[in-house]
4 protein chains.
Amino acid sequence: MASPSRVETIANDTKEASDVGGVAGVRLKQLVERIERLEEEKASIGTDIKDVYGEAKSTGFDVKTIRKLIRLRKMDEQKRNEEDELLDLYRAAIGL
Amino acid sequence: MASPSRVETIANDTKEASDVGGVAGVRLKQLVERIERLEEEKASIGTDIKDVYGEAKSTGFDVKTIRKLIRLRKMDEQKRNEEDELLDLYRAAIGL
Amino acid sequence: MASPSRVETIANDTKEASDVGGVAGVRLKQLVERIERLEEEKASIGTDIKDVYGEAKSTGFDVKTIRKLIRLRKMDEQKRNEEDELLDLYRAAIGL
Amino acid sequence: MASPSRVETIANDTKEASDVGGVAGVRLKQLVERIERLEEEKASIGTDIKDVYGEAKSTGFDVKTIRKLIRLRKMDEQKRNEEDELLDLYRAAIGL
DNA sequence: ACCGTGGTTAGCTTTC
DNA sequence: GAAAGCTAACCACGGT
């Protein structure tokens, strides 16, 4: 059911409908595969993160607390970024 | 697990990065940094994915359709995996 | 801490701030109570489900397997729905 | 909808393997259907809850705040229950 | 009794 | 500005 022809069929049903087995189908397939590849990587890193939390836990740390910690640090960073942006805005406003 | 040192560790992680009398503070810091590094990578890949969708869009494909396509393909895969697991479960249930 | 006046205060802090003890407070209270009532029903059904699993178990069935079974059936249904949606999407993409 | 034979087949693969199309299969099917029926009801109530929140929103209330409110009230209730249990414990301890 | 897994829910981001 | 999809946290159950 998820045969290659299926992917091409889909390409045909989109904008390039007259392009049976042609360049649009190939292009779409490439795009789909790139996305799936990237999502795999992303999921893999997600697993790594989980592992680190697991390691933290088995070292005796409280996972929930660590999560809070990280959230706080991220918020701090965002806050800093916003302040920087504001500064840039001001600098632009007065012409550098 | 909720030893006195644990409480101290938590205190150290909030206000002061330096670790009063123990190695735990250093260890925690390492863990936090590893997690933050990984989350950065993950976010970066998320950006890449977005870019690919943008590329698809400017090539004339319908992004929403591609997303659905990918979701469907993922569901197929999950379903296959779950069915395999189910089979194992059955085999275990009847004693191999 | 959770005195009645507190609830009204919260209502006052939303859009209808000038409405101390007035109609907005009453309205909010009604909404909260409706939600709580519905959540009670929901929890009650959750208990029922648990009971059925318990019954299944004491009849000799393997609970984990039944759960997987149900999950799989749900996935089938979702997949079917998504495929229908995808079809609609395609039809829209090629102009009906 | 999966065919009936599918469900029976599954029943046959569990503990009562020698019971092809027999009483265990029927029993399992009944259990699965009861659970699915209940989960439908549960989902339906979930939708109702969402609707109420939507209604609250369009009345000008802040949904996030209402959620907090309800969480707080639930916590209060749990706390009260725990205190009641404790009280009962004491009363039992001193013989009513 | 504890740990790990799975399910549920809430918050966030993005799209229309 | 509303609606939807995605992600992440929380919670509860089942297994060991």
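Side chains are part of it too, since the values below use all heavy atoms of this structure and drop only hydrogens, waters and symmetry mates. Below, chain A is the first sequence line, B the second, and so on; all start at residue 1.
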Check your understanding: What integer distance in Å separates C:I70:CD1 from E:dG7:C1'?
Key -> 13 Å
Point to revise | Expected output: side-chain C:S44 to main-chain C:E40 donor-acceptor under 3.5 Å | key: no
Point to revise | Rounded distance in Å - CD (B:E82) to P (E:dG6) | key: 9 Å
Review point. Does C:E41 come within less than 4.0 Å of C:R37, counting only side-chain N to carboxylate O?
Key: yes
Review point. Once you round it to whole Å, what is the distance between P of F:dC13 and CG of C:D48?
Key: 14 Å
Revision key, fill the gap. Rounded to whole Å, CD of D:E39 lies from P of E:dT9 at a distance of 11 Å
Practice item. Count the heavy atoms of every other residue, nucleotide or ligand shown that sit under 6.0 Å from NZ of C:K68, and state whether that count exceeds 12. Key: yes
Review point. Is D:K68 near enough to E:dA10 that one of its side-chain N or O atoms lies under 4.0 angstrom from OP1 or OP2?
Key: no
Review point. Roughly, in whole Å, what's the span from CZ in B:R67 to P in F:dG5?
Key: 11 Å
Review point. With sugar-phosphate meaning primed atoms plus P, OP1 and OP2, does C:K74 contact a base, only sugar-phosphate, or nothing at under 4.0 Å between heavy atoms?
Key: nothing
Exercise for review: Answer yes or no: does a side-chain N or O of A:R71 lie under 4.0 Å from OP1 or OP2 of F:dA8?
Suggested key: no
Check your understanding: Hey, is B:E77 close enough to B:R73 for a salt bridge, meaning N to O under 4.0 Å?
Key -> no
Exercise for review: Respond yes when some side-chain nitrogen or oxygen of A:K57 is under 4.0 Å from OP1 or OP2 of E:dC3, and no when none is.
Suggested key: no
Practice item. Report yes if a side-chain nitrogen or oxygen of B:K50 is closer than 4.0 Å to either non-bridging phosphate oxygen (OP1 or OP2) of E:dT14; otherwise report no. Key: yes
Review point. F:dC10 C1' sits how many Å from A:D62 CG, rounded?
Key: 13 Å
